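The structure appears below as structure tokens.
Predicted model, so just to flag it, every value in this text is computed and none were measured. We use all heavy atoms of the structure for the numbers below, so side chains are in, but hydrogens, waters and symmetry mates are not. Start at 1 and go down the list; that is how both ligands and their atoms are numbered.
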Amino acid sequence: MPNDTSNHSTDPQSARTLRQATLLVHGGIERTGYGETTEALFLTSGFVYDSAEQAEATFKGEVEHYQYSRFGNPTVVMLEKRLALLEGAEACLCTATGMAAVHAAMLCHLRTGDRVVAARALFGSCHWIISTLLPRYGITTEFVDGADLAAWDKALSTPCAMVLLESPSNPMLELVDIKAVCDRAHRAGALVVVDNVFATPLLQKPFELGADIVVYSCTKHIDGQGRVLGGAVLGRRKWVDEVLQPFIRNTGPSLSPFNAWLLLKGMETLTLRVNAACAGAAAVADFLASRPEIGRVLYPGRADHPQYALAQRQMSGGGTLVAFELAGGKQAAFAMMNALRIIAVSNNLGDSKSLATHPATTTHMRIGAEERARLGISDGAIRLSVGLEDPADLIDDLGLALGNLPQRAELAAD
Ligand SMILES: *Cc1c(COP(=O)(O)O)cnc(C)c1O
């Protein structure tokens, strides 16, 4: 790469020995000749060559030179290197959104006649790709209950090309035993794609558990400040170069360099933000669990989470999301959300601002009542993404909103 001459550039080999917080600040930096401190923002669509001969040699692959930002841009590459170092992946390619990452990771690999198995509890658009898009191309798809190893055993007893899972899942924070599923998937011939958004790159390391491919919506904690959309696919060098890269290069879900630059700046504070939001989420979960209006609190960091032992094994923290269920159903959930002053009603997550979602009527409306029932998404369920406010203020906000709830009898009379 041009200008990779600074003695402060982080070459991937030596960077592997650095600790996470340091990698998040320095990983992947390539300084220009100007010696800028911060990551340079290359807002350019194309690149020029010294000569026609250099252009020819570039296209032949004989020299390394950026060609066109659809398939390579120095700011985007800095982000890809930083993400790969953080994840412990051989390679990474970024995309314009998290959904572009999931879509590219699957479609670059799959072909007609293949079989895909996915955990049922998926982000809404991931669910659509599995249930609606892939079958259009003659790909057989099957959902399993992600927490049920016997169901995985059965589904993976026949050959399979790819497995997609999310853990913890959106919105009810159900876990999948990633290592156990990877073992079974590999025996069936499948590559395992883990959507690691809810765990963040800090709290769960899918590659260490056997995953082949990890995908992120960088829109969430990696930006973490609600500013831009972005996505990433991480995997082995050979697969990324030979299978994923041609797909991205030719179909064009590329990340804007400006967004890549914001994501690089977001990564600098990722440990600080995720640790603070986790502490806030744990405090909020404990508070909610103490309230009589709440039927059920789901937080992987609490001992009463149904898969707490698994959470302890495969995650190093409970995460920044809490799901809970109001005993009074949809009316109580709406009344509570409408009474919140600090926590905003939004379907986004992983923001510095705390956000509350009613999945049954928003993010998971389209999957239908039957599928929601299977996923345990009741009409009283709320998903709370905990941000960076003082947890005591969030607890006050939730407490006031709960205190204002009409009694159940009044709700029933409405
Ligand atoms: C948000 C999200 C996505 C999609 O990411 P976008 O950046 O919105 O396209 C995929 N999976 C999970 C778990 C998410 O939370």
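When the side chain to side chain contact (heavy atoms under 4.5 Å, CB included) test is applied to D153, the partners found at least two apart in sequence or on another chain are R184.
Cation-pi contact between K220 and Y216: absent, since separation from the ring centre below 6.0 Å together with deviation from the ring axis within 45° is not met.
In summary, the aromatic rings of Y299 and H305 are positioned with their centroids too far apart to meet the 6.0 Å limit.
With L164 as the partner, the side chain to side chain contact (heavy atoms under 4.5 Å, CB included) test is satisfied by one option alone out of V193, V194, V192: V193.
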- Query: Are K353 and D351 close enough, and set up right, to give a salt bridge (Lys or Arg N to Asp or Glu O under 4.0 Å), and what steps lead you there?
  - Reply: CA-CA 5 Å; K353 294 179 170 57; D351 196 314; 5.2 Å; no
Could you list, one pair per line, each nitrogen or oxygen of ligand 1 together with any protein nitrogen or oxygen closer than 3.5 Å, giving atom names and the distance rounded to 0.1 Å?
unit_1	atom_1	unit_2	atom_2	d
ligand 1	5 (O)	S217	OG	3.0
ligand 1	7 (O)	G98	N	2.8
ligand 1	7 (O)	S217	OG	2.8
ligand 1	7 (O)	T219	OG1	2.6
ligand 1	9 (O)	G98	N	3.1
ligand 1	9 (O)	M99	N	2.8
ligand 1	11 (N)	D195	OD2	2.7
ligand 1	15 (O)	K220	NZ	2.7

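Distance alone, capped at 3.5 Å, places no donor-acceptor pair between the R296 side chain and the E325 backbone.
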